[in-house]
Peer 1: 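There's a structure below that I have some questions on.
Basis for what follows: all heavy atoms, side chains included, without hydrogens, waters or symmetry-related copies. Quick caveat, the model's predicted, so the values are computed rather than measured.
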Amino acid sequence: MTARFTVQGGCHCGAVRFEAVVAAQLVAHACNCSICQASGFVGAIIPAADFTLLAGESALSEYTFNTGVAKHLFCRHCGVKSFYRPRSNPDGVSLNIHLLELPPTVQVRIEPFDGQNWEQYAHTLQHLSKR
């Protein structure tokens, strides 16, 4: 069994705070889709059951586009996207790794993801929201 750690993170101004359980060998994806490219989001998908919003639900603004399935959540105060509900994994949460407070024991591997061709490659992410 892979070691898991409880970590915290949040937006720039601190209005949004969350806790998540992540693997010691965390895989994140640098996606080239229009929204990830524009916002600099590098996401690590985890099961929704491993995510807890600690503070800031009322500070979140939701943005959707295209199919409207993905729920992009931004802090309405500072504009930072700490996490979102991905279309590829509606049973998961994608965490912005730039905003995670990770212990040195958690190693992050960033892999490219071709979000510009999402329909062709989305299935490669589906296992990430499973325990």
Side-chain angles (χ1 to χ4, degrees):
M1 175 144 171
T2 303
R4 295 163 35 101
F5 295 88
T6 300
V7 300
Q8 290 194 2
C11 68
H12 184 262
C13 73
V16 175
R17 296 290 302 163
F18 64 86
E19 187 172 85
V21 179
V22 300
Q25 301 295 314
L26 186 60
V27 176
H29 291 92
C31 177
N32 66 358
C33 78
S34 61
I35 194 163
C36 289
Q37 285 286 85
S39 64
F41 191 90
V42 177
I45 298 172
I46 64 168
D50 290 343
F51 176 85
T52 304
L53 183 62
L54 300 173
E57 185 171 0
S58 64
L60 291 170
S61 291
E62 183 180 291
Y63 173 70
T64 62
F65 65 99
N66 195 6
T67 64
V69 175
K71 306 298 181 199
H72 300 273
L73 300 164
F74 297 83
C75 174
R76 66 181 176 87
H77 302 291
C78 66
V80 169
K81 181 167 91 170
S82 303
F83 64 93
Y84 81 104
R85 307 269 179 195
R87 182 173 143 195
S88 63
N89 298 70
D91 59 344
V93 176
S94 184
L95 309 173
N96 185 342
I97 63 159
H98 298 299
L99 304 174
L100 295 177
E101 298 158 7
L102 296 174
T105 50
V106 173
Q107 301 296 309
V108 179
R109 184 177 78 241
I110 300 174
E111 298 178 350
F113 179 75
D114 188 0
Q116 290 181 4
N117 296 293
W118 189 90
E119 298 292 339
Q120 185 176 351
Y121 297 108
H123 72 279
T124 66
L125 302 175
Q126 291 174 343
H127 70 284
L128 296 171
S129 56
K130 309 296 183 244
R131 282 193 175 161

Peer 1: Is there side-chain contact between Cys13 and Cys75, with heavy atoms separated by less than 4.5 Å?
Peer 2: yes

Peer 1: Arg109: what forms a side-chain contact (heavy atoms from CB on, under 4.5 Å) with it, not counting sequence neighbours?
Peer 2: Val27, Glu111

Peer 1: Carefully, step by step, assess Asn66 and Arg87 under the rule side chain to side chain contact (heavy atoms under 4.5 Å, CB included).
Peer 2: CA-CA 11 Å; Asn66 195 6; Arg87 182 173 143 195; 3.7 Å; yes

Peer 1: Other hydrophobic cluster members with Val80, side-chain heavy atoms of Ile/Leu/Val/Met/Phe/Trp/Tyr under 4.5 Å, chained?
Peer 2: Leu99

Peer 1: Side chain to side chain contact (heavy atoms under 4.5 Å, CB included) for Leu125 and His29? Distances and angles first, verdict last.
Peer 2: CA-CA 9 Å; Leu125 302 175; His29 291 92; 3.6 Å; yes

Peer 1: For the residue pair Pro47 and Asp91, establish whether any side-chain heavy-atom pair is separated by less than 4.5 Å.
Peer 2: no

Peer 1: If you compare all heavy atoms of Ala20 against all heavy atoms of Ile46, which two are closest, and at what distance to 0.1 Å?
Peer 2: CB-CD1, 3.7 Å

Peer 1: Run the side chain to side chain contact (heavy atoms under 4.5 Å, CB included) test on Asn32 and Asp114 for me, step by step, so that the C-alpha distance in whole Å, both residues' side-chain angles and the decisive distance to 0.1 Å come before the verdict.
Peer 2: CA-CA 6 Å; Asn32 66 358; Asp114 188 0; 3.3 Å; yes

Peer 1: Taking the side chain as C-beta and beyond, is there a heavy-atom pair between Ser88 and Thr124 under 4.5 Å?
Peer 2: no

Peer 1: With the 4.5 Å side-chain cut-off for hydrophobic clustering, are Leu53 and Ile97 part of the same group?
Peer 2: yes

Peer 1: Nearest 0.5 Å, what's the CD1-CD distance between Ile45 and Gln126?
Peer 2: 9.5 Å

Peer 1: Is there side-chain contact between Glu101 and Val7, with heavy atoms separated by less than 4.5 Å?
Peer 2: no

Peer 1: So for atom NE2, which belongs to His12, do other residues, nucleotides or ligands contribute more than 12 heavy atoms lying within a distance under 6.0 Å?
Peer 2: no

Peer 1: Verify the ring-centre separation between Phe41 and Tyr84: is it less than 6.0 angstrom?
Peer 2: yes

Peer 1: Walk me through it: do Val21 and Phe51 pass the test side chain to side chain contact (heavy atoms under 4.5 Å, CB included)?
Peer 2: CA-CA 7 Å; Val21 179; Phe51 176 85; over 6 Å; no

Peer 1: At their closest point, which heavy atom of Asn89 faces which heavy atom of Leu128, and how far apart are they?
Peer 2: ND2-N, 4.1 Å

Peer 1: Parallel, tilted or perpendicular: which describes the rings of Phe113 and Tyr121, with under 30° parallel and over 60° perpendicular?
Peer 2: perpendicular

Peer 1: How close do Thr64 and Ala70 get, heavy atom to heavy atom, and via which atoms?
Peer 2: CG2-O, 3.2 Å

Peer 1: Starting at OG1 of Thr6, measure out to CG of Asp50 and round the result to the nearest 0.5 Å.
Peer 2: 8.5 Å

Peer 1: Is Arg85 paired with Glu62 through a side-chain N to carboxylate O contact shorter than 4.0 Å?
Peer 2: no

Peer 1: So how far is it from His123 NE2 to His127 NE2, rounded to the nearest 0.5 Å?
Peer 2: 10.5 Å

Peer 1: Give a yes or no answer on whether the side chain of Asn96 reaches the backbone of Gly43 with a donor-acceptor pair at less than 3.5 Å.
Peer 2: no

Peer 1: Decide yes or no for Tyr63 and Ile35: does some side-chain heavy atom of the first lie under 4.5 Å from some side-chain heavy atom of the second?
Peer 2: yes

Peer 1: With the side chain counted from C-beta on, respond yes when Trp118 and Cys33 share a heavy-atom pair under 4.5 Å apart, and no when they do not.
Peer 2: no

Peer 1: Starting at NE2 of His98, measure out to OG of Ser82 and round the result to the nearest 0.5 Å.
Peer 2: 12.0 Å

Peer 1: Could you tell me which non-hydrogen atom of Phe5 sits nearest to which non-hydrogen atom of Ala24, and how far apart they are?
Peer 2: CE1-CB, 3.5 Å

Peer 1: Under 6.0 Å from the CD atom of Glu57, do we count more than 12 heavy atoms belonging to anything else shown?
Peer 2: no

Peer 1: Please report the closest heavy-atom contact between Ser94 and Pro86, naming both atoms and the distance.
Peer 2: N-CD, 3.9 Å

Peer 1: If you compare all heavy atoms of Ala15 against all heavy atoms of Ala59, which two are closest, and at what distance to 0.1 Å?
Peer 2: CB-CB, 4.1 Å

Peer 1: Have a look at Leu26 and tell me which of Leu100, Ile110, Leu95 forms a side-chain contact (heavy atoms from CB on, under 4.5 Å) with it.
Peer 2: Leu100

Peer 1: Between atom NE2 of His77 and atom OG of Ser61, what is the distance when rounded to the nearest 0.5 Å?
Peer 2: 8.5 Å

Peer 1: From Gln25 CD over to Thr105 OG1, what is the distance, rounded to the nearest 0.5 angstrom?
Peer 2: 10.0 Å

